[in-house]
Each structure stands twice: as C-alpha cells, then as structure tokens.
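The structure under discussion appears below in the form of structure tokens.
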Amino acid sequence: MNSMHDIGGMDGVGPLPLEENEPIFHEEWERRMFGVKVALAIEGVYNIDETRWAMERIPALRWLQSSYYEQWVDGVTRSLLEKDILTQEEIDARIEVLKNQGGE
Amino acid sequence: MSHSHTKPPVPVALRVKAIETLLTEKGVLGTGVVDAIVDVFEHELGPKNGAKVVAKAWADPEYKSWLLKDGTAAIESLGFSGFQGEYMVVVENTREVHNVVVCTLCSCYPWPVLGLPPNWYKTAPYRSRVVLNPRSVLAEFDLHIPDDVEVRVWDSTSDVRYLVLPERPAGTDGWSEEQLAALVTRDSMIGTGICRLAA
C-alpha cells in the first residue's frame, strides 16, 4: 500500500498530542458514531476489511484534514450508500429536517 | 459525499444523527443497541482488564508461560475475548528488551484487554515516529530506555493485536494479584510506560 495511511517513518508530523485524564470520547457525536459503526459490524452489515477499504478511499487531502471519527463518518456513509442501505438523498433530506428542528 | 464549493459543509454531528435515526427507523439498528455498545466500552472494557492479565502472569509462572505461548487462550481464560482481540500476542519486557506497540496504518488495539485507544495512539505523530525513533518518542512519555536495552516496536494489524507484559516492580514479593493489578497502567501495557511503586 502506498498512501497517506502508510505513514510509519514519516517526518514533520509534530509532537504527540498527550492529554491528561482524557475522556473516552471528546464529543457526543463521536460516541454515537462509534456505537453505530460497531453495531453495524455486529449486525453483519460489513466486516473490518470492508470498513477499512471504505475509509481508504477517502480522498487523501480530505483524510489528512479530518479527525479520527470524522473519517469514520465518511467511511460508514460510503459503506451504507454502496450497500444500498441508505441513499444520499435520504441522508440529505434528514439533515435538512434535523437542521430545521435546530437540534444536533 | 462530495460537497460543492457553494454549499457550507454540514456539521458532522448532524450527519451522524441523520445516519443513526435513519438506520433505526429502517430497523437496520435495533432500538438501544448503540447505547448498549457504547456502555460496554465506557464501563466494562478498559485497562483494568489487561491489568488482571498482567498481575496473574506476575503471580503465577505457569500462567505466564501459557500467556506468552498462546496469548489468546490465556487471556480468554480470564473472560476477556471478542472483537479486536481475536488473536492476541503478548510480548514480555525484561532487563534486556523493551517492547512498544503501535498501529502505523490506523488504530488497531486490543479492545477486550485495554478498551479503546487513547487519542495519541491514533494520531500521525505517534504512528509515524515511534517506528522511526522509538527512544525519542518514549522520552516524550518521560520514559528513558537505557542504551543497553533493546527496543522492539510491534506494528499491529487488523488480525493480530499485541499486549506488553511489563516488568514487575521490585519490592512486591508476596503481593496479591489485586495489589499487583493496581500497579499496572494502560501505558505500561502499550509499552509507553513502566510499572512503578507509588512514590
């Protein structure tokens, strides 16, 4: 593999982001995303290699600017679309509804 | 998933909520399943499980030799198995060798014994540099490995997960497994820390 995922040995990536008393999740949506992705794996919607492949196809520049769980959102969304479980139109429509409810 | 240049990006929290609510309504996800999963990771899995494995290995030489030979079975015998722990390899720290674990490609980590990884474990600085210059990375954890100790870096895969068996601190002869387990830190089982007696 030759991509931005294979970063062992790369220079110029900065210091370690060490954090005292780090929470397991930093944001509620990360918590939900984690639960959804694992639940879908338990349900047999995909296996670990499929989820990995879905994330590896995130465009490189977007990947580099995304947080860890943002990459999960992109990867899971791609899997759900490719497996015809959800459509982009459905997701977009639901986002509009949620926006109008003013809730996140 | 592509965004046009004219539309502002959708907040990620909304995207997650949209997916979760749609999947629940369609019956792809059962009600309460996501909560139940998150609860396990927040309350049941975590380094305290790995600490029990380490403490037993320190206290019981037979268990230790089993653990080093067949980590998966020895760990499962204590009740820790499943997702992301299907194939476990345990590597022992000694006076001669210090082991440290990474997943250069992403974030593979032994969930049943350590829970979810800390953020730094998943980030580029750790993943890229610990294979390039492990001693300087360990120094950032305030862990200074003497020059005459060999450092071995283990790169996890989606199939194989590693657990470091840290050195047992001196001065703990006769301690119970429970007392010993209290000395075992998360970082000592990744290899970015060691176990010490409280000062």
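Residue numbering restarts at 1 for every chain, and letters A, B, ... go by the order of the sequence lines.
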Query raised in the report: With under 30° as parallel and over 60° as perpendicular, where do the rings of A/Phe25 and A/Phe34 fit, or are they tilted in between?
Result: tilted

**Report entry** Contacting moiety of A/Asp92, where chain B heavy atoms sit under 4.5 Å
**Finding:** neither

Query raised in the report: Would you say the side chain of B/Pro166 lies within less than 4.5 Å of the side chain of B/Trp58, judging by non-hydrogen atoms?
Result: yes

Query raised in the report: If we only count heavy atoms from C-beta on, is the B/Pro125 to B/Trp120 side-chain gap below 4.5 Å?
Result: no

Report summary line: Heavy atoms of B/Val101 and B/Ser156 approach each other most closely as CG1-OG, 3.4 Å

Query raised in the report: Is chain B contacted by the side chain of A/Leu40, its backbone, both, or neither, given a heavy-atom distance below 4.5 Å?
Result: both

Query raised in the report: Hey, mind stepping through B/Ile190 and B/Tyr109 against side chain to side chain contact (heavy atoms under 4.5 Å, CB included) and telling me if it holds?
Result: CA-CA 9 Å; B/Ile190 303 174; B/Tyr109 193 72; 3.5 Å; yes

Query raised in the report: chain B heavy atoms under 4.5 Å from A/Ile48: which part of the residue, side chain, backbone, both or neither?
Result: side chain

Query - chain A-proximal positions within residues 67-90 of chain B [heavy-atom distance under 4.5 Å] - result: B/Phe83, B/Gln84

Requested in this report: Can you tell which part of B/Val28 gets under 4.5 Å to a heavy atom of chain A, answering side chain, backbone, both or neither?
Outcome: both

Query raised in the report: Between A/Val97 and chain B, which part of the residue has a heavy atom less than 4.5 Å away: side chain, backbone, both or neither?
Result: neither

Query raised in the report: B/Tyr126 vs B/Phe141 aromatic rings, parallel, tilted or perpendicular, using cut-offs 30° and 60°?
Result: perpendicular

Query - Result of checking B/Val131, B/Val137, B/Thr192 against B/Val102 for side-chain contact (heavy atoms from CB on, under 4.5 Å) - result: B/Val131

Report task. Against chain A, label B/Leu29 side chain, backbone, both or neither, depending on which of its atoms sit under 4.5 Å from a heavy atom there. Result -> side chain

Query raised in the report: Would you say B/Glu62 has more than 12 foreign heavy atoms packed within less than 6.0 Å of its CD?
Result: no

Query - CA sep, side-chain torsions, deciding dist, call: B/His98, B/Leu143, side chain to side chain contact (heavy atoms under 4.5 Å, CB included) - result: CA-CA 11 Å; B/His98 181 88; B/Leu143 180 58; 3.9 Å; yes

Report task. Report the relative orientation of the aromatic rings in B/Tyr63 and B/Trp66; use parallel for angles under 30°, tilted for 30 to 60°, perpendicular for over 60°. Result -> perpendicular

Query raised in the report: So which part of B/Thr21 gets closer than 4.5 Å to some heavy atom of chain A, the side chain, the backbone, both or neither?
Result: both

Query - Within residues 170-187 of chain B, residues adjacent to chain A where the heavy-atom gap is under 4.5 Å - result: none

**Report entry** Best-contacting candidate, A/Leu86, A/Ile91, A/Asp49, A/Ile85, against chain B by heavy atom pairs under 4.5 angstrom
**Finding:** A/Leu86

Requested in this report: Please name the pair of heavy atoms, one in A/Ala39 and one in B/Val34, separated by the smallest distance, quoted to 0.1 Å.
Outcome: CB-CG2, 4.4 Å

Query raised in the report: Which one, B/Ser158, B/Ser128, B/Gly115, leads in non-hydrogen pairs under 4.5 Å with chain A?
Result: B/Ser128

Report summary line: Bottom line for B/Val130: the part with an atom under 4.5 Å from chain A's heavy atoms is neither

Query - Test item: A/Arg62 side-chain N/O and A/Gln71 main-chain N/O as donor-acceptor pair under 3.5 Å - result: no

Query raised in the report: chain B: which of A/Glu28, A/Glu90, A/Met55, A/Glu27 shares the most heavy-atom pairs with it under 4.5 Å?
Result: A/Glu90

Requested in this report: Determine, step by step, whether B/Val91 and B/Leu165 satisfy the side chain to side chain contact (heavy atoms under 4.5 Å, CB included) criterion, reporting the C-alpha distance in whole Å, the side-chain angles of both residues, the deciding distance to 0.1 Å, and the verdict.
Outcome: CA-CA 6 Å; B/Val91 288; B/Leu165 176 58; over 6 Å; no

Report summary line: Checked A/Ile24, A/Asp11, A/Leu16 vs chain B; the most non-hydrogen pairs under 4.5 Å come from A/Leu16

Report task. Evaluate the criterion salt bridge (Lys or Arg N to Asp or Glu O under 4.0 Å) for residue pair B/Arg15 and A/Asp74; output intermediate values, then yes/no. Result -> CA-CA 10 Å; B/Arg15 295 176 59 205; A/Asp74 280 359; 2.9 Å; yes

**Report entry** Heavy-atom pairs under 4.5 Å with chain A, option from B/Asp155, B/Asn119, B/Thr123 with the top count
**Finding:** B/Asn119

Query raised in the report: Going through the distances and angles, do A/Tyr46 and A/Lys37 end up as a side chain to side chain contact (heavy atoms under 4.5 Å, CB included)?
Result: CA-CA 9 Å; A/Tyr46 42 51; A/Lys37 179 166 172 178; 3.4 Å; yes

Requested in this report: Determine, using the 4.5 Å side-chain heavy-atom cutoff (strictly less than), whether B/Leu138 and B/Leu132 are members of one ILVMFWY cluster.
Outcome: no

Query - Options A/Met33, A/Arg32, A/Glu19, ranked by heavy-atom pairs under 4.5 Å with chain B, top entry - result: A/Arg32

